[in-house]
Amino acid sequence: MDLHIFNPEHDIALACNRNRFTPPHAAQELRMNLGWIAALWAADGDAVLVDDVAFAVKAAARFRGSKADVCFVSDTDIQGVKFDSVKPWGWDNAITTRLADIDVCSADMPSDNVLEHIRLLSSRIQTQRALRVLREGIEPFTCGEAFSAKNTEQVDKWLAEKDRIVLKAPWSSSGRGVRYVMRQATPSVSGFMKNVIYEQGSIMVEPYYNKVKDFGMEFEAMPDGSVKYRGLSLFMTRNGAYTGNILACEEDKTAMLSRYIPTEFLLDVQSRVCHYFENLFKNNYCGPFGVDMMVVASEGNGGGFLLHPCVEINLRRTMGHVALAITPGQSVAMSMMHIDHDVNYVLRVSPLENPFVKVI
């Protein structure tokens, strides 16, 4: 029996890099309200660790046709239990400490050394090298640069050259730790830069691109060292924060993207990602991950579109993986998976009457 855990505070835990920390209220609420969603990718007979078992049972009932027959458990229910495998949303020091506190373990629990590798591989600094490798030989059809600055003077130099830039903390959660700068850094942005460099040692600097479409490719690093492609993720963001995923078969999602990027080119990048991360992750990481990408409007005389093949690397399960888990295998009417918040966070699936207008 495997144990699954939804720990959405994972990215914040990587930034804090402490064994114990108190997540922001929103992250705690998200974990409590949506802890059950691990049942969407678990197998029958597995256990899912949640904050409130009764709440999870009730919330999961809305997806009874998509979820596995799992057992929802609390910390006290599994104290001292040894599982075949433990599969959190993402591995970090905080989740391993929580498991150690309740004496839960499995043969595949990561060592301190592996945890440190996971944190380093999760840094946005990794996009700098990944872009060089993934774009090699196809530079005219792609875009994407990233630079790690260790002081504000280096950032100012990039700003003077590019005029518009994006600043990113090496570790931060979705929608946070990102600032857009045009021509001159405001006092607020300058304070953000100094704080990030002080706390994390550097800050990522990237050119600003005229984004047309967000999307991602989802993968899984296997125990034998290989990397398997799992599917496309067509998602939307607002102010950098995730808002929803299209649920559609792979053929339909590929057709939507092919309006901008030729299908054979997408397949080439998919293969490049598999090969690159097989070499990078070997003996360092095993599990799901995603690579965020985007379609960019070309500023050249010819117009058209370019592919940014590595905006971000998510070394964890993603909402794109969740969308793939509940997407029917055959072609059906497209729908949108999204998270609403009223009194609680709620996962919903809504019809998409005209996806090409509303999403693309």
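We're numbering straight along the sequence, starting at 1. What you see is a predicted model, and the numbers here were worked out from it, not measured in a lab.
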Can the ring centres of Trp36 and Phe72 be said to be less than 6.0 Å apart?
no
Do the side-chain N and O atoms of Glu29 and His341 include a donor-acceptor pair separated by under 3.5 angstrom?
yes
Under 3.5 Å, is there a donor-acceptor pair between the Arg124 and Ser148 side chains?
no
Does Asp84 reach the main-chain N or O of Met1 with its side chain, forming a donor-acceptor pair under 3.5 Å?
yes
Please check if any side-chain donor atom of Ser188 sits under 3.5 Å from a side-chain acceptor atom of Thr186, or the reverse.
no
Strictly distance-based, threshold 3.5 Å: is any side-chain N or O of Asp342 a donor or acceptor partner for the main-chain N or O of Asn344?
no
Could you check whether Asp340 and His338, counting side-chain N and O atoms only, form a donor-acceptor pair closer than 3.5 Å?
yes
Is it the case that the ring center of Phe277 lies less than 6.0 angstrom away from the ring center of Tyr285?
no
No-hydrogen, no-angle side-chain donor-acceptor test under 3.5 Å, Thr96 and Asn93
no
In terms of relative ring orientation, are Trp158 and Phe147 parallel, tilted or perpendicular, with 30° and 60° separating the classes?
parallel
Tell me yes or no: between the side chains of Asn113 and Ser111, is some donor less than 3.5 Å from an acceptor?
no
Looking just at side-chain N and O atoms, do Tyr276 and Arg129 make a donor-acceptor pair shorter than 3.5 Å?
yes
Without swapping roles, check the side chain of Arg230 against the backbone of Gly320 for a donor-acceptor pair under 3.5 Å.
no
Under the criterion salt bridge (Lys or Arg N to Asp or Glu O under 4.0 Å), I'd like the reasoning laid out for Arg98 against Asp75: C-alpha separation, chi angles, the key distance, then a yes or no.
CA-CA 9 Å; Arg98 179 186 176 190; Asp75 286 6; 3.0 Å; yes
